[in-house]
Amino acid sequence: MHNSTPGRRTVLLGSAVSPPERSVLGVGYREYLTRVTTEALLVSGLGLADVEIGAISYNERNVPEGALAPVVCDALGLVPRPFISISQACAGGGVCADIISAYIESGRYRIGIVLGLNKPDNFDFRDAMGPIGNWTDVDYMLGFTHENYGYLRSEAYKQQYGYDDRVAARWARQCHWYARRNPLALYSQGPLPTEEELLSSTPAGYRARTATGRNLASCLVLASEDVAEELGREPLFFTVGYAHRPCYIGNHYYYTGHPLYREADMSRQPALALAARDAFERARITVDDIDLAQVHDLSSYDGMMALEAMGVVAPGQGGRFVLEGQTAIDGACPTNTDGGAIAFGHSSAGGDFASKVHENFLQLTGRAGERQVPSARTAVAQAYGTHHSLDVVSVLRRQDT
């Protein structure tokens with residue numbers, strides 16, 4: 001738990017993500033990050049001179065520098081200010097955001113930035129993921145590729161609760177509906193796929209129901225609430241919680257290290273439940289306050305499991321929730337209004353957390369256009385990394401009523 005200064009809270013002043021590109025050739029990662037940082041600070045009404053601390057999440061196989069934080073700090077012209085780098089896979093941006101929030105709430109700093117980077121320049125980097133995952137420890141994935149693991153997790157959910165791929169097709173189609181209204185999504189144009197196409201048992205059908213890779217750079221601008229007051233901005237209060245689960249797939253069954261994990265299997269996400277509990281308590285909300293959600297759907301079933309773990313629906317009811325249209329813009333909990341990983345794009349450390357926070361920022365400031373959720377005041381974002389060994393939840397909410 002945070003040891004924060006009483007009454008001092010973190011707000012989100014601005015955010016930015018890069019345009020929807022499958023490959024970014026001819027642009028170095030320093031320039032890629034500089035572009036979004038400049039944009040996010042402009043939205044915030046601040047400049048680089050105002051930034052007191054920064055952090056970057058990365059998960060790169062082609063960044064040559066081993067000390068990424070000082071390189072990025074120098075590239076942005078922030079030397080000698082402190083800068084932090086971490087590598088915690090797709091949810092690492094949430095950990096960076098938690099670190100910067102803790103510094104702000106402690107009173108040590110007032111303004112910080114959180115960067116994310118994913119720039120492998122492969123047109124679909126998920127196809128290249130091998131059985132060792134992000135480690136050289138083969139036991140970590142028990143010889144499975146990332147795709148194998150995703151398939152096994154989805155099948156566990158389907159068998160546990162009696163669903164078939166019709167519910168996955170419905171989830172994916174709703175994501176594509178949102179994406180066609182989001183110029184930042186990879187699939188922002190073209191005809192909406194039919195449920196028959198999304199339901200196909202062919203490899204193409206399976207891939208249409210799962211995430212697609214993209215390059216992405218992201219920036220979140222966090223500050224203490226007095227900064228928002230000085231700028232004449234309505235504060236958007238920002239809270240993050242995260243928890244870990246055993247990395248090894250075998251320990252996703254009957255793990256005795258924590259009571260909540262003992263009865264869990266691949267169809268349940270207990271670390272996400274713990275992260276959500278922490279974030280909701282510190283944000284002083286309940287699940288009934290949530291107006292919309294952005295969840296990490298590397299597969300459609302991931303999204304359903306996430307809604308269940310956060311308490312939006314009961315365990316096993318996520319599929320029914322989708323079939324009833326409750327994730328649509330007029331549903332009980334509009335979900336993945338940016339298009340999700342399926343249609344917005346899976347961007348690893350670059351944006352699997354930050355892009356979701358960015359979408360919530362657009363929603364709560366009334367900038368979401370045709371996909372705007374009416375009267376949205378409280379939004380949650382969730383991401384996981386390294387196959388649910390890290391789960392992160394954030395809450396973004398408007399001024400208390």
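These numbers come from the heavy atoms of this one structure, side chains and all, not from hydrogens, waters or symmetry mates.
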Task: Test salt bridge (Lys or Arg N to Asp or Glu O under 4.0 Å) applied to Arg35 and Glu39, step by step - done: CA-CA 6 Å; Arg35 290 176 180 177; Glu39 181 181 347; over 6 Å; no
Task: Side-chain heavy-atom pair Arg22, Leu186 within 4.5 angstrom cut-off - done: yes
Open item on the list: Testing the basics here: between Gln160 and Asp265, what is the closest heavy-atom pair and its distance to 0.1 Å?
Closed with: OE1-OD2, 4.0 Å
Task: Arg233 (side chain) donor-acceptor with Leu13 (main chain) under 3.5 angstrom - done: yes
Open item on the list: side chain to side chain contact (heavy atoms under 4.5 Å, CB included), that's the test. Do Asn182 and Ser188 meet it? Break it down for me.
Closed with: CA-CA 6 Å; Asn182 181 8; Ser188 60; 5.7 Å; no
- [ ] Check whether any side-chain N or O of Ser347 sits under 3.5 Å from a backbone N or O of Leu216 as a donor-acceptor pair, and report yes or no.
- [x] no
Open item on the list: Counting C-beta onward and ignoring hydrogens, is there a side-chain heavy-atom pair between Tyr163 and Arg320 closer than 4.5 Å?
Closed with: yes
- [ ] Report the relative orientation of the aromatic rings in His388 and Tyr384; use parallel for angles under 30°, tilted for 30 to 60°, perpendicular for over 60°.
- [x] parallel
- [ ] Mark yes or no: Arg108 above the aromatic ring of Tyr103, with NZ or CZ under 6.0 Å from the six-membered ring centre and no more than 45 degrees from the axis.
- [x] no
Task: Between Asp165 and Tyr206, a side-chain donor and acceptor under 3.5 Å - done: no
Task: Pair Thr337, Glu359: side-chain N/O donor-acceptor within cut-off below 3.5 Å - done: yes
Open item on the list: Could you check whether any side-chain heavy atom of Gln372 comes within less than 4.5 Å of a side-chain heavy atom of Arg181, counting everything from C-beta outward?
Closed with: no
Task: Test item: Ile53 and Arg81 side chains (from C-beta on) under 4.5 Å apart, heavy atoms - done: no
Open item on the list: Please identify which of these residues, Val114, Ile56, Ile84, Val392, meets the side chain to side chain contact (heavy atoms under 4.5 Å, CB included) condition with Cys96.
Closed with: Val114
- [ ] Without swapping roles, check the side chain of Lys119 against the backbone of Val27 for a donor-acceptor pair under 3.5 Å.
- [x] yes
Task: Atom pair CD (Glu52) and CG (Leu78), whose distance is rounded to the nearest 0.5 Å - done: 11.0 Å
Open item on the list: For the residue pair His296 / Asp302, report whether a side-chain donor-acceptor contact shorter than 3.5 Å exists.
Closed with: no
Task: Smallest separation among heavy atoms of Ser15 and Leu220, with atom names - done: CB-CD2, 3.6 Å
Task: Heavy atoms of other groups near Tyr253 OH, more than 12 under 6.0 Å - done: yes
Task: Verdict with supporting geometry, Arg398 and Glu234, salt bridge (Lys or Arg N to Asp or Glu O under 4.0 Å) - done: CA-CA 7 Å; Arg398 296 176 63 185; Glu234 178 188 8; 3.2 Å; yes
Open item on the list: If we count only N and O atoms by modelled type, under 3.5 Å, do the side chains of Thr327 and Gln174 hold a donor and an acceptor together?
Closed with: no
TODO: Taking all heavy atoms of Arg180 and all of Gly190, pick out the closest pair and write down the distance.
DONE: NE-O, 2.9 Å
Open item on the list: Just verifying a value: how many Å separate Trp171 CH2 and Asp297 CG, rounded to the nearest 0.5 Å?
Closed with: 5.5 Å
Task: Interatomic distance, Leu323 atom CG to Met304 atom CE [nearest 0.5 angstrom] - done: 7.5 Å
Task: Phe280 and Asp289: CA distance, side-chain angles, deciding distance, side chain to side chain contact (heavy atoms under 4.5 Å, CB included) verdict - done: CA-CA 10 Å; Phe280 295 174; Asp289 296 315; over 6 Å; no
Task: Heavy-atom side-chain proximity of Val11 to Ser224 below 4.5 angstrom - done: no
Open item on the list: Would you say CD of Glu195 has more than 12 non-hydrogen atoms from neighbouring residues, nucleotides or ligands within 6.0 angstrom?
Closed with: yes
- [ ] Could you check if a side-chain atom of Pro82 sits within less than 4.5 angstrom of a side-chain atom of Tyr109, using non-hydrogen atoms only?
- [x] yes
Task: Presence of salt bridge, Lys158 and Glu155, under 4.0 angstrom - done: yes
Open item on the list: If the threshold is 4.0 Å, N to carboxylate O, is there a salt bridge linking Arg214 and Glu21?
Closed with: no
Task: Residue Arg262 excluded, over 12 heavy atoms near CZ under 6.0 Å - done: yes
Task: Main-chain N/O of Ala283 paired to Arg397 side chain as donor or acceptor, under 3.5 Å - done: yes
Task: Least distance between heavy atoms, Pro235 atom then Gln399 atom - done: CG-OE1, 2.9 Å
- [ ] State the CG-OG distance between Leu12 and Ser44, to the nearest 0.5 angstrom.
- [x] 7.5 Å
Open item on the list: To the closest 0.5 Å, what do you measure between CD (Gln382) and CG (Asp352)?
Closed with: 10.0 Å
TODO: Kindly determine whether Val71 and Tyr29 satisfy side chain to side chain contact (heavy atoms under 4.5 Å, CB included), including the steps that lead there.
DONE: CA-CA 11 Å; Val71 173; Tyr29 73 84; 3.5 Å; yes
- [ ] Mind running salt bridge (Lys or Arg N to Asp or Glu O under 4.0 Å) on Asp278 and Arg282 for me, showing each step along the way?
- [x] CA-CA 6 Å; Asp278 180 33; Arg282 289 192 291 110; 3.1 Å; yes
TODO: Measure the CG-CZ distance between Leu364 and Arg377 for me, rounded to the nearest 0.5 Å.
DONE: 8.0 Å
Task: Gln363 side-chain N/O to Arg371 backbone N/O, donor-acceptor pair under 3.5 Å - done: yes
Task: SB check Arg110 Glu225 (cutoff 4.0 Å) - done: no
Task: Contacts of type side chain to side chain donor-acceptor pair (under 3.5 Å), residue Tyr157, not counting sequence neighbours - done: Glu308
Task: Worked verdict on Ile113 versus Thr37 for side chain to side chain contact (heavy atoms under 4.5 Å, CB included) - done: CA-CA 8 Å; Ile113 57 173; Thr37 303; 4.1 Å; yes
Task: Side-chain H-bond candidate by donor/acceptor type, Ser85 with Tyr58, under 3.5 Å - done: no
TODO: Decide yes or no for Val295 and Asn336: does some side-chain heavy atom of the first lie under 4.5 Å from some side-chain heavy atom of the second?
DONE: yes
TODO: In sequence, state the C-alpha distance, the side-chain angles, and the governing distance for Thr335 and Gln294, and then conclude on side-chain hydrogen bond (donor to acceptor under 3.5 Å, both in side chains).
DONE: CA-CA 6 Å; Thr335 302; Gln294 314 300 328; over 6 Å; no
Open item on the list: Quick check: closest heavy atoms across Ala16 and Val36, and the distance to 0.1 Å?
Closed with: CB-O, 3.6 Å
Task: Backbone N/O of Thr194 and side chain of Glu197: donor-acceptor pair under 3.5 Å - done: yes
Open item on the list: Ignoring hydrogens and geometry beyond distance, is a side-chain donor-acceptor pair present between Ser299 and Thr210 at under 3.5 Å?
Closed with: no
Open item on the list: Quick check: closest heavy atoms across Arg268 and Tyr161, and the distance to 0.1 Å?
Closed with: CD-OH, 3.5 Å
- [ ] Report yes if the side chains of Tyr242 and Asp391 come closer than 4.5 Å at any heavy-atom pair, otherwise no.
- [x] no
Open item on the list: Once you measure the plane-to-plane angle for Tyr261 and His258, does it fall in the parallel (<30°), tilted (30-60°) or perpendicular (>60°) bin?
Closed with: tilted
